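Whatever order the structure lists them in is the order used to number ligands and atoms, beginning at 1. Everything numeric in this text was worked out from a predicted model, so none of it was measured.
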Amino acid sequence: MIESRHNTHSVKVGNITMGGGSPVVVQSMTDTDTADINRTVDQIKLLTDAGSEIVRVTVNTEEAAAAVPKIYEILQKQGYNTPIVGDFHYNGHMLLEKYQGCAETLAKYRINPGNVGFGNKKDDRFNSMIDVAIRHNKPVRIGVNWGSLDKELATRLMDENSKAERPKSSEEILHEALVLSSLTSANAAVARGLGEDKIVISCKVSRVQDLVSVYNMLAQRCNYALHLGLTEAGMGSKGIVASSIAMGILLQNGIGDTIRTSLTPEPGASRDKEVIVSQQILQAIGVRNFTPEVTSCPGCGRTTSTFFRELTDDVDGFLRKKMSEWAVSYKGVEQMKVAVMGCIVNGPGESKHANIGISLPGTGETPSAPVFMDGEKVTTLHGEGISQQFKDMIEQYVHRTYTRHEDVITSGQ
Ligand code: SF4
């Protein structure tokens, strides 16, 4: 496992702790109208069930602010304790002051210093939100965004740079403006009385190299907990690849306490995809394990049947579904490795390296599928029911191999 090398403050967000060496937290955001209570409740449940440990909602209107305590209450009654974070822009000072129930039930407030206000009003509004956070003992995220960067600050830095003996590139100045905007706001919040352990910082940009530069600067210059994410990452594979690379580089260097993958959902796609991608990023890089991993080959001309793809998909879905039950019962099951391979070329070898693996018959091979457990061949499956038989074997393997949580508690370990 990669450990955090950036020594950040530990921040409590509801029942979740981030920073200070705690496991990197997965979070997500709803795209429902927060004032639509039922749809927002349903989406928070969807995101939570997928593994989101914190869910953010937009609080952009009085109706949305009024809905927050009701959403919280319904979720609590249904056993969902996921911390809800409120995303505020422009009118956050007014909403947080006026809707005390909203201020109290939210677990954290996200404040964008670039969207608080302009001129003299900016400081007053920012201070007003920080005062509410202090009063309710809540953490805040100072969330700076490339698209809404504090224009006065950026202009000042550009002007100063133009007069410098060796001017920096405009890119460097923008990186500096992002970092300075977040740190100035965070330090102002601390000066106002908010604890350093009540602050999380993010500086989101939409390009990989910019994100890496900006977060390296942040890690060198502060100990605030850091929220990672590429903003406007895009749709489909483009968004997934860019987010994975950007966050992967930073996580590899021990930078980042919580992540969100900001994917544009594909038409008809479920909102929880961003949660699954975040988990997969953390799991792929070895930061956290969430669900047993399926190793499968890409397939080639040696396996022409669609059965191989269907079995891989079936096993993957089975593991994900069973994990909600296994996670509470079996310690360490999320580290299990399962292999589903297309033919004899790499099938037996890869299956032997997994906890449990199956090697399907390729075109022209004997129609049988050897199954391996912990490196040993245990049986050969044939015929129509291979998929169900293999899933049954995985289930039995889990029962046999992983210690039940209640046994760990009973033995006092
Ligand atoms: S294991 Fe077999 S089917 Fe899969 S990619 Fe390799 S050669 Fe092709």
Side-chain angles (χ1 to χ4, degrees), residues 235-245 247-249 252 261 263 266 269-270 273 276-323 326 332-398 400-402:
M235 188 182 273
S237 56
K238 185 255 170 197
I240 294 171
V241 169
S243 296
S244 307
I245 293 174
M247 292 198 271
I249 292 170
Q252 177 72 19
T261 308
L263 297 178
E266 285 163 335
S270 175
K273 177 96 178 266
I276 295 165
V277 171
S278 288
Q279 288 186 332
Q280 287 172 338
I281 290 171
L282 294 177
Q283 184 147 344
I285 200 163
V287 169
R288 282 182 75 181
N289 287 308
F290 295 93
T291 197
E293 213 167 75
V294 179
T295 302
S296 58
C297 73
C300 69
R302 293 184 63 96
T303 175
T304 50
S305 78
T306 54
F307 180 68
F308 159 65
R309 290 185 222 165
E310 286 163 4
L311 179 66
T312 308
D313 191 47
D314 196 19
V315 169
D316 204 41
F318 168 75
L319 293 171
R320 195 161 275 286
K321 197 160 156 227
K322 290 300 284 186
M323 238 348 249
W326 289 345
V333 67
E334 67 280 0
Q335 290 171 38
M336 180 170 70
K337 305 261 183 298
V338 178
V340 179
M341 298 294 290
C343 84
I344 203 166
V345 171
N346 292 322
E350 199 66 65
S351 298
K352 281 179 192 169
H353 287 128
N355 292 92
I356 174 164
I358 186 165
S359 175
L360 292 172
T363 312
E365 292 176 17
T366 313
S368 61
V371 177
F372 298 81
M373 282 184 188
D374 297 324
E376 300 292 331
K377 183 177 163 191
V378 289
T379 190
T380 301
L381 303 178
H382 305 268
E384 295 292 305
I386 286 182
S387 180
Q388 190 53 52
Q389 288 174 58
F390 185 57
K391 287 188 289 186
D392 289 345
M393 291 184 76
I394 294 174
E395 183 119 41
Q396 287 155 17
Y397 181 88
V398 169
R400 263 200 327 273
T401 311
Y402 296 96

Non-hydrogen atoms of G299 versus ligand 1: any pair closer than 4.0 Å?
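Heavy atoms of G299 do come under 4.0 Å of ligand 1.
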How far is [atom] from its nearest protein heavy atom, and which residue and atom is that?
atom	value
atom 6 (Fe) of ligand 1	N346 ND2, 3.6 Å
atom 1 (S) of ligand 1	C297 SG, 3.7 Å
atom 3 (S) of ligand 1	T303 CG2, 3.3 Å

Closest non-hydrogen atom pair, [X] against [Y]:
X	Y	result
P361	A369	CD-CB, 4.3 Å
Q335	N355	O-OD1, 4.2 Å
I240	L263	N-CD2, 3.7 Å

Backbone N/O of F290 and side chain of Q283: donor-acceptor pair under 3.5 Å
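Indeed, once roles are kept as given, a pair shorter than 3.5 Å links the two residues.
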Report yes or no: does T303 contribute a side-chain atom to a donor-acceptor pair with the main-chain N or O of G299 at less than 3.5 Å?
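The answer is no, because no donor-acceptor pair under 3.5 Å joins these two groups.
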Show me which atoms of ligand 1 lie under 4.0 Å from any heavy atom of V345.
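Here the atoms of ligand 1 in question are 7 (S).
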Out of all atoms in ligand 1, which are within 4.0 Å of some heavy atom of R302? Include the element for each.
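That gives atoms 7 (S) of ligand 1.
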Heavy-atom contacts under 4.0 Å between C300 and ligand 1: side chain, backbone, both, or neither?
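For C300, backbone and side-chain atoms both sit under 4.0 Å from ligand 1.
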Heavy atoms of other groups near H382 NE2, more than 12 under 6.0 Å
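Yes, the 6.0 Å shell around NE2 holds more than 12 heavy atoms from other groups.
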Is the distance from atom 4 (Fe) of ligand 1 to the nearest N/O/S atom of C343 under 2.8 Å?
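No.
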